[in-house]
Amino acid sequence: MSHMKISQILSQRSSGYSFEFFPPRTEKGARTLRNNLRLLENYDPLYVSMTCGAGGSSQDKTLDAVDILLRESDFTVMPHLTSLQAAGSDITRVLDGYRTRGIENIMALRGDPPEGVEGFNFLGQEFSYAVDLVRFIRERGDFCMGVAVYPEGHIESASFDRDIEHTIAKINAGAKFAVTQMFFDNSYFYRFHDTLRARGVNIPILPGILPLTDISKVKKFASVCKATIPARTEEQLGGLRDKPDEMKQRGIEFTIAQCRDLQQHGFERLHFFTLNKPDVIGRVLEGLR
Ligand code: FAD
């Protein structure tokens with residue numbers, strides 16, 4: 001079992017991949033996750049991460065899924081932790097659970113407000129924004145923290161510049177690296193990265209890659225989180241709605257080309273949102289060999 005701080009891994013490795021999973025909901029899903037881990041052994045991951053939902057019961061699912069990762073792999077593991085609507089005592093309990101397992105890394109997130117609630121009162125929460133969670137965790141131990149960043153700006157943010165200010169404040173509160181939300185047009189990422197570097201942010205920023213295998217699904221994701229799909233790509237893949245296998249193949253080719261472009265621009269560490277689908281990721285990684 002490997003317990004290392006991701007900041008240390010990133011300082012030692014200038015290239016490689018990390019992989020994000022969500023907690024499996026069924027026994028079949030858990031089996032797929034275990035198979036996924038075996039497949040990824042061939043790619044020597046930088047680390048693997050496990051998402052979480054909102055609220056206490058969802059953190060327990062993450063904890064169970066983290067136990068699968070710890071039991072079934074030697075990879076460095078990072079659980080995600082969301083704080084919106086949580087109490088400090090909830091967060092402390094979750095952190096204690098991770099500490100006893102030897103976990104060294106936490107992805108510190110605010111999480112989304114409950115669906116359908118107009119004018120949610122963020123400031124009325126014990127943790128209003130991710131920056132509050134970063135500070136809280138920093139005061140309670142020696143976790144290496146990652147945070148989420150948004151190359152096209154976060155969906156709630158009034159402006160890109162305002163979001164940049166909040167992003168910098170969150171990083172300066174103690175994040176050691178950041179992972180971006182998915183994007184499909186690399187120019188947004190390059191501009192975002194340049195902006196942060198020009199403002200003195202020096203931590204590694206890993207591009208977050210979502211394989212573009214099902215354009216309808218990705219479009220739905222993208223519309224709720226500000227990720228532009230290039231018009232030509234949308235047109236090309238959208239035209240293959242009745243040919244899912246061909247759409248998948250073309251989508252994988254698009255993702256391989258996107259990753260190659262990032263690598264050629266010097267971003268040789270990439271984070272994959274796997275959606276727990278080993279076959280797609282395997283095909284992308286084969287294409288990148
Ligand atoms: P924050 O950094 O708090 O930002 C949220 C918004 O608040 C932004 O618009 C920001 O500009 C604004 N803001 C920040 N500070 C202030 C301030 N002081 N005053 C006013 N406005 C402010 N969600 C999950 O539920 N589970 C997961 O596992 C998960 N994993 C993710 C992994 C990655 C790589 C990414 C990119 C996102 C993930 N998310 C996950 C989604 C995330 O929870 C949502 O995007 C959420 O809406 C924002 O979370 P945050 O941590 O970025 O929030």
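Both counts, for ligands and for their atoms, begin at 1 and track the order of listing. Here, residue 1 is the first one in the sequence, and each next residue gets the next number.
Remark: aromatic rings of Tyr129 and Phe127 are distant, center separation not under 6.0 Å. Centroid-to-centroid, the aromatic rings of Tyr190 and His265 come within less than 6.0 Å.
One finds no salt bridge joining Arg110 and Asp132 here, because no Lys/Arg side-chain nitrogen approaches an Asp/Glu carboxylate oxygen to under 4.0 Å. Under 4.0 Å is where a charged nitrogen must lie from a carboxylate oxygen, and between Asp194 and Arg199 no such pair does. The residues Glu152 and Lys226 are annotated as not salt-bridged, no charged nitrogen and carboxylate oxygen being separated by less than 4.0 angstrom.
Looking at His80 and Ser49, their side chains come closer than 4.5 Å, going by heavy atoms from C-beta outward.
With a 4.0 Å cut-off on non-hydrogen atoms, Arg110 touches ligand 1 through its backbone as well as its side chain. Of all the heavy atoms of Phe122, none lies under 4.0 Å from any atom of ligand 1, so neither backbone nor side chain is involved. Contact annotation: for His154 versus ligand 1, heavy atoms closer than 4.0 Å belong to the side chain alone. Contacts between Arg162 and ligand 1, counted as non-hydrogen atom pairs separated by less than 4.0 Å, are absent for every part of the residue. With a 4.0 Å heavy-atom cut-off, ligand 1 is reached by no atom of His271. Both the backbone and the side chain of Thr51 come within 4.0 Å of ligand 1, judged by heavy-atom distances.
For ligand 1, the polar-atom distance check against His166 finds a nitrogen or oxygen pair separated by under 3.5 Å. Of the N or O atoms in Thr180, none lie within a sub-3.5 Å distance of an N or O in ligand 1.
Among protein heavy atoms, atom 10 (C) of ligand 1 sits closest to Asp163 OD1, 3.4 Å. Protein heavy atom closest to atom 32 (C) of ligand 1, with residue, atom name and distance, is His80 CE1, 3.7 Å. For atom 35 (C) of ligand 1, the closest heavy atom belonging to the protein is Ala148 CB, 3.5 Å. Among protein heavy atoms, the minimum distance from atom 18 (N) of ligand 1 is reached at Tyr129 CD1, 3.8 Å. The protein non-hydrogen atom at the shortest distance from atom 29 (C) of ligand 1 is Leu109 CD1, 3.4 Å. Cys52 O, 3.4 Å is the protein heavy atom nearest to atom 24 (C) of ligand 1.
Atom numbering of ligand 1 starts at 1 in the shown order; those under 4.0 Å from a heavy atom of Gln181 are 36 (C). Of all atoms in ligand 1, listed by their number and element, those nearer than 4.0 Å to a heavy atom of Val179 are 34 (C). Ligand-side atoms of ligand 1 in range of Ala130: 1 (P), 2 (O), 3 (O), 51 (O), 53 (O), range being under 4.0 angstrom from any heavy atom. Heavy-atom proximity to Tyr150, at under 4.0 Å, picks out these atoms of ligand 1: 37 (C), 42 (C), 44 (C), 45 (O), 48 (C), 49 (O), 50 (P), 52 (O). Atoms of ligand 1 found under 4.0 Å from any heavy atom of Ser157, numbered from 1 in the order shown, are 9 (O), 11 (O). Close approach to Met107 involves these atoms of ligand 1, each under 4.0 Å from a residue heavy atom: 34 (C). Of all atoms in ligand 1, listed by their number and element, those nearer than 4.0 Å to a heavy atom of Thr82 are 24 (C), 25 (O), 26 (N). Atoms of ligand 1 found under 4.0 Å from any heavy atom of Asp112 (numbered from 1 in listed order, with element): 44 (C), 46 (C), 47 (O).
For Arg197, the CZ atom counts as densely surrounded, since its 6.0 Å shell holds more than 12 non-hydrogen atoms of other residues, nucleotides or ligands. Within a 6.0 Å sphere centred on CZ of Arg250, other residues, nucleotides and ligands contribute 12 heavy atoms or fewer. For Arg25, the CZ atom is loosely surrounded, since the number of other residues' heavy atoms within 6.0 Å does not exceed 12.
The hydrophobic clustering, which links ILVMFWY residues whose side-chain heavy atoms are closer than 4.5 Å, places Ile106 and Phe19 together. Under the 4.5 Å side-chain contact rule for hydrophobic residues, Phe184 and Leu240 share a cluster.
Taken from CD1 in Ile6 to CG in Leu46, the straight-line distance is 8.5 Å, to the nearest 0.5 Å.
Within the structure, the ring pair (Phe, Tyr, Trp, His ring centres under 6.0 Å) test picks out the following pairs touching residues 191-216 (sequence neighbours left out): Phe189-His193, His193-Phe267. The ring pair (Phe, Tyr, Trp, His ring centres under 6.0 Å) contacts involving residues 21-43 comprise nothing, where partners must be two or more places apart or lie in separate chains.
Protein non-hydrogen atoms do reach within 4.0 Å of atom 2 (O) of ligand 1.
If you run side-chain hydrogen bond (donor to acceptor under 3.5 Å, both in side chains) between Lys5 and each of Asp142, Thr76, Asn105, only Asp142 comes through.
Heavy atoms of Val131 stay at 4.0 angstrom or farther from ligand 1. Remark: distances from the non-hydrogen atoms of Gly111 to ligand 1 include one below 4.0 Å.
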